[in-house]
Amino acid sequence: MVNAPTVICVGMAGSGKTTFMQRLNSHLHSKKKPPYVINLDPAVSKVPFGCNIDIRDSVKYKKVMEEYNLGPNGAIVTSLNLFATKIDQVINLVEKRADNFSHCIIDTPGQIECFIWSASGAIITEAFASTFPTIIAYIIDTPRSSSPTTFISNMLYACSILYKTKLPMIVVFNKTDVEKADFAKEWMQDFEKFQESLRTDPNMNGEFSNGSGYMSSLVNSMSLMLEEFYSTLDVVACSAYTGEGFDDFLNAIDKKTEEYNEVYAKERERIIKEKQLIEKQEKEKNLTHLMNDLGIKDHTKNIKKNGDFKNGENLENNNVDVLSDLESETEETAYEERDEDEQPEREYTFPTDRNGEINNKTDADLQARYQAAFEQTAKTSSSKTAEDIANYINRTN
Ligand SMILES: Nc1nc2c(ncn2[C@@H]2O[C@H](COP(=O)(O)OP(=O)(O)OP(=O)(O)O)[C@@H](O)[C@H]2O)c(=O)[nH]1
């Protein structure tokens, strides 16, 4: 594991990720700790900072749109997919340069879901997390989160990202030059204060104060659930415009890097080992099924060190389980024979309209009615064939 932390900046569109990256880059340069910079937004027209790796050099977003006939978001996901196929090379490149930088910082597409919820986003994040201590910086537009309902939605999104990535997270309240983030910090520390703000929130239309309404109870229970989540977070207030709060952000990175090495790395190792064990057990199970199908009871005895089978041993064993046996066993339990007596009585759509039914009693009447109708038709018909048919029927009767 390389020691330089990787910071992946994510956030809602317009939260200020790119501006934040730009400021972080220049802040680190001013501290003589130049970062390694990666841009993963294929759709951006201009990147206001120098990049070491830029997705736009490998994938042409407009061409992807044209060639695959995609809309803007589909093209972002496809560009990321194409980039993810080369992630090994990217990691090798970054790893080679690891002695020359203190931090690796990554900008992601504005459409957060294109990165966080896509397979390629997960692959890229995983690839970095298995090589570097990786931290998620979730950027929030502070002035736009000053309403309790918007704030809670933003927090819920951050929470889902934390559970999806299972990586340490720093919540960054950006744009503090416009509005201070004290209200948000207070809400995260004091549930009573948050409830108080909900009560007076004009967006709630007094719903909360009279204790009714679906929104108020939803927001209430969500905020209770999020209390646990807040305890795992580091919160930083900063302004990408003025540079305020960036030292705090670097301190938070140091803290989270330690946390990553102590807690997350071990947890990740445990998860990976568990996954490998499950895969191994699955393989073993499939192998046992295969052996059973081949008629080899104890395959472990028949596997040589190089993995081959001893010639035909156990193959004559008559008492063998085959897949078909297994299937018939499961079939027995899966299907229960239907008891005809238990069938519900057939119901008629129109129980009173039973005239169309034929029963023995009316058979003769019906036959007579058919005959009369046919004769009438045959007589009125001018066709010779119809008359012939009528004669034939009369003869046979
Ligand atoms: N006042 C103020 N405005 C900011 C700050 N950071 C970013 N902005 C503005 O917010 C807007 C969006 O900033 P971007 O950096 O493009 O945001 P982004 O999240 O990268 O946007 P997308 O990638 O398009 O989703 C721009 O108009 C920025 O000038 C800040 O700290 N203070």
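Both ligands and their constituent atoms are indexed starting at 1 by order of listing. Atoms considered below: every heavy atom in the structure, side chains included; atoms not considered: hydrogens, waters and symmetry mates. Being a predicted model, the structure only gives us computed values, none of them experimental.
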Next on the checklist: Suppose we call two aromatic rings close when their centres sit under 6.0 Å apart. Are Y163 and F229 close by that rule?
Outcome noted: no
Item to check | Side-chain heavy atoms of I53 within contact of Y36, under 4.5 Å | outcome: yes
Checklist entry - Is the closest N or O pair between G16 and ligand 1 shorter than 3.5 Å? => result yes
Next on the checklist: Within ligand 1, which atoms have a heavy atom of D177 less than 4.0 Å away?
Outcome noted: 1 (N), 2 (C), 30 (C), 31 (O), 32 (N)
Checklist entry - Would K31 and D247 pass as an ion pair if we require N to O under 4.0 Å? => result yes
Item to check | Of the listed options P143, G245, S15, G110, closest to atom 23 (O) of ligand 1 (non-hydrogen atoms) | outcome: G110
Next on the checklist: Using a 4.0 Å cutoff against the non-hydrogen atoms of V178, which atoms of ligand 1 qualify?
Outcome noted: 1 (N)
Next on the checklist: As a check for students: among R23, K175, K17, R144, identify the option with a heavy atom nearest to atom 10 (O) of ligand 1.
Outcome noted: K175
Checklist entry - Is there a donor-acceptor pair closer than 3.5 Å between any side-chain N or O of N52 and the backbone N or O of V37? => result yes
Checklist outcome for this item: When distances are taken from atom 15 (O) of ligand 1, the protein heavy atom at minimum range is T19 OG1, 2.4 Å
Checklist entry - Does G11 have a heavy atom less than 4.0 Å from any atom of ligand 1? => result no
Item to check | Nearest neighbour in protein (non-hydrogen) for atom 21 (O) of ligand 1 | outcome: G14 N, 3.4 Å
Checklist entry - Is it true that E66 and K63 make a salt bridge, defined as a side-chain N closer than 4.0 Å to a carboxylate O? => result no
Checklist entry - Nearest protein heavy-atom contact for atom 29 (O) of ligand 1: which residue, which atom, what distance? => result Y241 OH, 2.7 Å
Checklist entry - Is N174 touching ligand 1 with its side chain, its backbone, both, or neither, if touching means heavy atoms under 4.0 Å apart? => result side chain
Checklist entry - Between E244 and K180, is the closest basic N to carboxylate O distance under 4.0 Å? => result yes
Next on the checklist: As an exercise, identify every atom of ligand 1 less than 4.0 angstrom from a heavy atom of A13.
Outcome noted: 25 (O)
Next on the checklist: Check R270 with E274, please: is the shortest side-chain N to carboxylate O separation under 4.0 Å?
Outcome noted: yes
Checklist outcome for this item: Quick note on ligand 1: atoms under 4.0 Å from a heavy atom of S239 include exactly 31 (O)
Checklist entry - Less than 4.0 Å between atom 26 (C) of ligand 1 and some protein heavy atom, yes or no? => result no
Next on the checklist: Considering non-hydrogen atoms of the protein only, which is the closest contact for atom 31 (O) of ligand 1, and what is the distance?
Outcome noted: A240 N, 2.8 Å
Checklist entry - Is any side-chain N of the basic residue among K17 and D107 closer than 4.0 Å to the acidic one's carboxylate O? => result no
Item to check | E259/K256 under salt bridge (charged side-chain N to carboxylate O under 4.0 Å, His left out): CA gap, chis, key distance, verdict | outcome: CA-CA 5 Å; E259 208 176 287; K256 285 290 171 197; 3.2 Å; yes
Checklist entry - Heavy-atom count around D57 CG within 6.0 Å, excluding the residue itself: above 12? => result yes
Checklist outcome for this item: among protein heavy atoms, the one nearest atom 20 (O) of ligand 1 is T18 OG1, 2.6 Å
